Amino acid sequence: MTRYPWWKYLIILVVVLPSLFYALPNFYGWHSAVEVRAPAGTLLPPVATQQGWLQAAGIPVTRVSSGEKGSTFFFPNNDAQGLAETLLQNKLPANAQVILSQMSAEPDWLRSIGGKPVNLGLDLRGGVYLLLRVDTDAVIKHALQQDSGSLRTFLRHRNLQYLAVNMTGPQSLAIEMENAAVAAQAQKAVAGRYPDYAVVLQPNAVLSISITPDAASKMKDDALQQAIVVIRNRIDELGVSEPVIQRQGADHIAVQLPGVQDTQRAKSIIGSTAQLEFKMVDDQANMADALKGELPAGTALFYGVHGSPYVLYTNTVLTGRYLSNASAGVDNNSGQAVVNVSFNNEGTRIFGDLTTKNVGKRMAILLDNKVVTAPVIREAITEGRAQITGFSGLKDASNAAIELRAGALPAPVHISEERTVGPTLGQDSIHDGVMAVVFGMAFVVLFMTLYYRAFGLIADVAILVNILAILAVLSIMGGTLTLPGIAGIVLKIGLAVDANVLVFERIREELRHGMSTRAAIDAGFKKAFATIVDSNITVLIAALVLFQFGTGAIKGFALVLTIGVITSMFTATMMSRGIIELALGKRRVQKLYI
Amino acid sequence: MELFKVRTHVDFMSRRWIFLGVSALLIIASVAVFLVRGLNYSIDFTGGTLVELAFSKTPDLGAVRGTLTQAGFHDAVVQTFGGDRDLLIRLRTVPGESSAVGNTILQVFRKDQVEYPDVQLRRTEYVGPEVGKELRNKGIMALIIVTLGILIYVGFRFEWRFAVGGVLAMLHDPILVVGFFAISHEEFSLTVIAALLVIMGYSLNDTVVVFDRMREDLRASRSGDVAQIFNVAINETLSRTVITSFITFMVALSLFLFGGPVIHGFATALVIGVVVGTYSSIFVASPIALWLGLKREHVLKRQFISAKDRNDGAAL
């Protein structure tokens with residue numbers, strides 16, 4: 001049949017067939033869908049009822065599927081999807097999540113072999129990208145502040161007399177001891193009890209205490225990990241389909257929220273620390289003096305959300321860590337927006353003790369260092385439930401409830417980069433990208449066919465397979481296609497034919513030198529091979545560096561380029577050769593259409 | 001169809017000083033413009049806020065600027081983007097400013113339904129000052145590492161005179177493209193840096209093909225006239241160089257024409273890069289290798305003499 005070894009055809013088939021299948025899902029397009037989910041324990045109206053609402057409103061539904069997590073409604077277009085979202089949000093209970101999503105329209109048999117379309121980047125599908133910086137230094141400062149209290153207790157228990165404990169910097173504190181002998185004793189004791197601290201004995205009987213670099217970096221690392229968990233919880237509460245939350249470097253977290261348009265809400269929910277604290281109010285304090293800075297010992301001045309001042313004991317009696325649940329609602333008597341919180345076992349006990357001892361006194365509830373409310377404790381609360389009032393509205397309260405449920409961030413976060421892409425821009429970019437691919441491809445196919453005739457057609461097949469292979473590899477790897485990524489495909493169409501051109505020109509040259517057809521083909525492929533590898537490696541170096549250094553959309557470009565370099569080396573050499581040999585068979589060939 | 005039915009015999013090497021001179025002048029000019037005029041850096045590098053709004057009817061730029069000034073955005077830069085209904089509003093970072101600015105600006109226009117009905121937010125970008133600095137450093141790092149990586153690879157695969165010629169030709173290209181961006185004041189963004197890296201890869205790809213042929217011809221030839229052999233090699237690969245460059249140019253042009261405003265800068269850099277990259281492969285890389293005194297014996301396979309070859313030698 002052919003002079004090309006059978007096992008090379010086997011390799012070609014093993015590469016090409018999966019490429020075709022796994023690229024296929026990309027050509028089916030997307031269904032607009034709305035997912036409805038509910039937190040555990042919430043009962044939603046049956047799916048049939050929900051479908052009835054949509055029918056009554058005249059919104060066309062193409063398909064409904066329901067699973068363990070909730071139900072999904074499919075719509076023929078984005079308009080119906082948008083209408084349905086609004087309708088369901090209004091009709092369903094407030095804590096139900098109504099999520100806009102895009103579902104692949106691929107047939108089930110493709111899905112069953114693991115076929116899935118390429119993830120589209122935020123620049124193509126719309127959404128928000130946030131780069132958050134976690135203020136990890138604050139974690140260390142906070143830990144040191146906490147430990148300064150326990151240090152005093154420790155020293156007192158050991159009968160080591162100290163005169164003062166002072167923060168001397170954001171990450172260090174100094175303890176003034178009674179005399180040098182006690183200081184030396186204390187140094188040993190503290191160093192033994194607190195292995196995370198470097199304890200240095202200084203002149204004048206002063207111990208300077210700072211956190212060791214190892215401990216600091218571990219603390220920062222833990223804080224970042226914890227922040228990622230909390231942010232993931234909050235985003236889950238927000239209801240976003242396919243969010244991506246990744247650590248980036250030592251103190252950054254990258255968050256991608258596809259399809260999210262209300263960036264303000266997303267940002268405020270992700271970004272607020274949500275540190276819930278309970279502190280007792282010092283009712284004896286004189287507010288006028290306090291405002292002048294004359295505060296009773298152990299108290300500090302705090303401000304309410306509306307700016308009113310409070311004198312509170314600095315000691316925090318209870319924190320959000322002891323919460324088991326939080327939900328927003330409206331108080332039946334006052335009509336005010338409230339957040340109902342319930343404590344876990346330990347929290348219930350602490351809260352019970354506290355309220356028993358302090359009946360008649362005021363307790364302030366602070367969210368992120370601002371007093372939300374400071375009610376008077378009327379009676380002991382032992383069943384572990386409390387109601388927080390003082391919110392400006394139900395939306396405010398339900399945001400706070402989400403934050404409290406998801407837990408507090410271990411440190412403040414700051415937004416250092418934000419990119420929002422609206423849905424219309426994403427659509428336009430897809431359109432532009434596809435146009436560029438179509439025109440680039442059409443030109444190359446036409447040119448190659450005209451210029452190299454039969455061999456040109458083979459090169460065209462190689463380019464086509466190459467594009468499909470890029471899509472297939474991206475799909476399987478779970479890579480993301482961005483607009484620069486599409487540009488990479490267009491560019492790759494041009495660069496990929498280079499390998500074919502090198503081979504074909506070489507064959508023509510050998511033919512001109514009077515070589516026989518078979519020998520010319522053989523020489524052409526053999527001599528061009530080293531050149532093809534050399535020239536592709538230079539592009540590969542650039543692509544790999546770009547992948548390493550690039551962020552977001554540019555990474556997508558580098559990924560496409562990297563995959564493309566590898567696939568094009570295969571299609572232009574082995575596959576093109578295979579097709580040529582298959583076409584020529586074992587016949588003697590007088591003339592090549594090249 | 002065949003562009004080069006007959007072998008071409010262009011004498012490239014005898015005019016090498018002219019080409020090198022032209023390139024040297026262009027590089028000096030590019031560097032000078034870059035130093036004097038600077039680049040129009042995007043907010044990727046400077047930090048700041050960018051808002052793209054789509055209006056339902058063509059807005060009056062003056063009125064838009066007035067609206068922004070009234071809302072307290074005094075240093076906002078407003079320009080059309082893509083079509084004339086899309087506006088790009090850029091703000092430099094103000095200390096203490098947050099990413100909320102983008103939304104505030106949208107609200108400013110949404111409030112005035114009479115003048116600006118149906119304003120749509122196309123995108124907002126906010127880059128904090130410290131991130132801009134980091135992105136700039138990353139971009140420069142990437143350029144340096146690509147240069148080093150390619151230098152190592154080419155140095156390993158080719159004789160050092162070739163390597164130096166190839167790498168200088170490769171550096172020649174992004175410098176000219178940056179020069180163009182300095183002159184035109186087109187926005188210089190992260191994607192342009194990505195384009196520069198690809199141009200470097202492409203330029204060297206083109207050069208390597210010519211060098212490969214030169215090495216092959218040098219080894220096969222008995223003549224010591226390196227310039228002549230270079231000419232032959234360039235002419236032999238000329239049809240491939242022209243065809244590949246033409247195709248790459250056309251796909252870059254397709255990106256430039258159809259790829260949309262978001263990747264306009266990227267496509268511009270590519271279109272120019274393909275042209276200068278092709279030029280430098282022929283007119284810069286080889287003349288430098290020749291200038292450095294490349295000789296036939298430099299490329300003979302000393303280290304790869306097989307046992308058979310040695311026996312053949314002994315038989316002589």
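Chain A is the first sequence line, chain B the second, and so forth, proteins listed ahead of strands; every chain is numbered from 1. What's counted below: heavy atoms across the whole structure, side chains too, no hydrogens, waters or symmetry copies. This is a predicted model, so every value here is computed, not measured.
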Just wondering, do B:V251 and A:K492 contact through their side chains at under 4.5 Å, heavy atoms? no

A:F529: partners by ring-ring contact (aromatic ring centres under 6.0 Å, His included), with sequence neighbours left out: none

Should the pair A:K527-B:D212 be classified as a salt bridge under the 4.0 Å nitrogen-to-oxygen rule? no

Would you name the heavy atoms of B:V209 and A:S535 that are closest together and state the gap between them? CG2-CB, 4.1 Å

For chain B, which residues of residues 538-545 of chain A have heavy atoms nearer than 4.5 angstrom: A:T538, A:V539, A:I541, A:A542, A:V545

I'd like to know if B:R123 pairs up with A:D123 as an ion pair, taking the criterion as any Lys NZ or Arg NE/NH1/NH2 lying under 4.0 Å from an Asp or Glu carboxylate oxygen. no

By a 4.5 Å heavy-atom criterion (distance strictly below it), what part of B:F249 contacts chain A: side chain, backbone, both, or neither? neither

Does A:E418 reach the side chain of B:T124, with side-chain heavy atoms less than 4.5 Å apart? yes

Aromatic centroids of A:F443 and B:F246 separated by under 6.0 Å: yes

Which portion of B:A252 sits near chain A, non-hydrogen atoms under 4.5 angstrom: neither

Checking heavy atoms, do the side chain of B:R122, its backbone, both or neither come under 4.5 Å from chain A? both

Any salt bridge linking B:E52 with A:R419? Criterion: basic side-chain nitrogen under 4.0 Å from a carboxylate oxygen. no

Parallel, tilted or perpendicular: ring planes of B:F266 versus A:F557, cut at 30 and 60 degrees: perpendicular

Contact origin within A:M448 toward chain B - heavy atom pairs under 4.5 Å: side chain

Mind listing the closest non-hydrogen atom pair of B:S254 and A:G440 along with its distance? OG-N, 3.3 Å

Check: B:F258 and A:D432 side chains under 4.5 Å, non-hydrogen atoms: no

